[in-house]
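Working notes, beginning with the structure itself.
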Amino acid sequence: VKSLRPLAAGDMTVLQAALFACFFAGLALFLLTALPFACMQIALVYLLANVAYTFYLKRVAIIDIFFIASCYVLRVLMGCYALNVTISPWIILTTFFLALFLGFSKRYHEMGYEDYAKYKPNLQQYNRNLLDRLV
């Protein structure tokens with residue numbers, strides 16, 4: 001499936017992909033200037049968090065799901081600050097726990113595909129019994 005993506009399939013060169021990335025990064029920065037400063041801070045935290053996830057945290061069982069759930073909370077916070085609405089603790093808790101549930105459920109489902117599971121390093125650290133309890 002991943003081989004059909006534009007870069008992997010050869011439909012787009014690395015230079016084109018880099019230019020698209022630079023364009024959209026610039027567009028995002030421009031749009032962030034129209035939002036409250038807290039949105040810029042959250043976007044920076046989100047960016048740094050995703051770099052940490054990409055290079056290390058996605059390989060650590062349980063931490064990976066908690067981290068993904070935290071990123072969903074950051075998205076909700078960004079929306080609250082952008083719309084200038086009161087942040088309810090309930091929306092934070094609901095978002096976090098729903099993301100945990102979905103993340104652990106996804107890992108549980110992935111464990112059913114042995115060929116897929118042996119290529120994902122963090123799935124080697126999970127087992128069905130643990131995931132069943134976490135879900």
Side-chain angles (χ1 to χ4, degrees):
V1 170
K2 290 183 180 183
S3 66
L4 300 176
R5 294 178 181 172
L7 197 58
D11 297 336
M12 177 183 282
T13 67
V14 174
L15 178 62
Q16 287 173 322
L19 289 173
F20 271 110
C22 289
F23 171 75
F24 285 115
L27 181 63
L29 283 173
F30 174 74
L31 293 174
L32 277 171
T33 60
L35 297 172
F37 184 68
C39 291
M40 180 85 72
Q41 292 172 319
I42 291 173
L44 181 62
V45 168
Y46 188 83
L47 177 69
L48 294 174
N50 275 282
V51 169
Y53 179 80
T54 299
F55 290 110
Y56 178 69
L57 295 173
K58 71 179 178 181
R59 293 176 187 84
V60 183
I62 299 177
I63 299 296
D64 63 337
I65 303 299
F66 274 87
F67 194 78
I68 290 167
S70 298
C71 285
Y72 278 102
V73 170
L74 285 175
R75 291 176 187 179
V76 168
L77 286 174
M78 173 80 123
C80 289
Y81 283 118
L83 296 172
N84 198 22
V85 296
T86 304
I87 300 169
S88 164
W90 292 109
I91 194 166
I92 302 300
L93 284 172
T94 303
T95 302
F96 185 71
F97 286 125
L98 178 61
L100 283 179
F101 171 72
L102 293 173
F104 287 129
S105 297
K106 181 177 186 270
R107 292 291 184 259
Y108 185 87
H109 179 73
E110 289 172 339
M111 292 292 293
Y113 298 98
E114 291 180 21
D115 291 339
Y116 179 75
K118 62 182 161 177
Y119 293 109
K120 287 196 76 163
N122 68 339
L123 283 179
Q124 307 301 319
Q125 302 169 27
Y126 286 108
N127 64 59
R128 286 244 182 198
N129 186 34
L130 171 68
L131 289 168
D132 192 38
R133 292 173 190 269
L134 289 169
V135 170

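The backbone N or O of Ile62 lies less than 3.5 Å from a partner atom in the side chain of Tyr126, making a donor-acceptor pair.
By the criterion of side-chain heavy atoms lying less than 4.5 angstrom apart, applied directly or through intervening Ile, Leu, Val, Met, Phe, Trp or Tyr residues, Tyr108 is grouped together with Phe101 in one hydrophobic cluster. Hydrophobic cluster membership differs between Leu83 and Leu77, with clusters built from Ile, Leu, Val, Met, Phe, Trp and Tyr side chains linked at under 4.5 angstrom. Connection of Ile92 to Val85 is not established within any shared hydrophobic cluster, with ILVMFWY side chains joined at heavy-atom distances below 4.5 Å, either directly or through further cluster members. Hydrophobic clustering of Ile, Leu, Val, Met, Phe, Trp and Tyr side chains at less than 4.5 Å, counting indirect connections, keeps Leu44 apart from Phe55. Under a hydrophobic-cluster definition in which Ile, Leu, Val, Met, Phe, Trp and Tyr are linked whenever side-chain heavy atoms come within less than 4.5 Å, directly or via other members, Phe20 and Leu27 are assigned to the same cluster.
Of all non-hydrogen atoms in Pro36 and Ala82, the two that sit nearest each other are CD-CA, 4.3 Å. In this structure, Ala43 and Met78 approach most closely via the heavy-atom pair CB-CE, 4.0 Å.
When each of Arg107, Arg59, Lys58 is paired with Asp64, the side chain to side chain donor-acceptor pair (under 3.5 Å) condition holds for Arg107 and for no other.
In this structure, CZ on Phe104 lies 7.5 Å from CG on Leu130, to the nearest 0.5 angstrom. Between atom CG of residue Leu74 and atom CG of residue Leu47 there is a gap of 11.5 Å, rounded to the nearest 0.5 Å. Separating the CG atom in Asn50 from the CD1 atom in Ile68 is a distance of 9.5 Å, to the nearest 0.5 Å. Between Leu102 atom CG and Phe97 atom CZ the span is 13.5 Å, to the nearest 0.5 Å. One finds the CD1 atom of Ile65 at 9.5 Å from the CG atom of Leu134 (value rounded to the nearest 0.5 Å). If you take CD on Gln41 and CG on Leu32, they are separated by 11.5 Å, rounding to the nearest 0.5 Å.
Residue Asp11 places its CG atom among more than 12 non-hydrogen atoms of other residues, nucleotides or ligands, all under 6.0 Å distant. Counting non-hydrogen atoms of neighbouring residues, nucleotides and ligands closer than 6.0 angstrom, the CD1 atom of Ile91 reaches no more than 12 such neighbours.
Contacts of Phe67 classified as ring-ring contact (aromatic ring centres under 6.0 Å, His included), with partners at least two apart in sequence or in another chain: Tyr53.
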Derivation of the side chain to side chain contact (heavy atoms under 4.5 Å, CB included) call for Ile87 and Val76: CA-CA 9 Å; Ile87 300 169; Val76 168; over 6 Å; no

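For residues 23-34, the set of pairs meeting the side chain to side chain donor-acceptor pair (under 3.5 Å) definition, not counting sequence neighbours, is empty.
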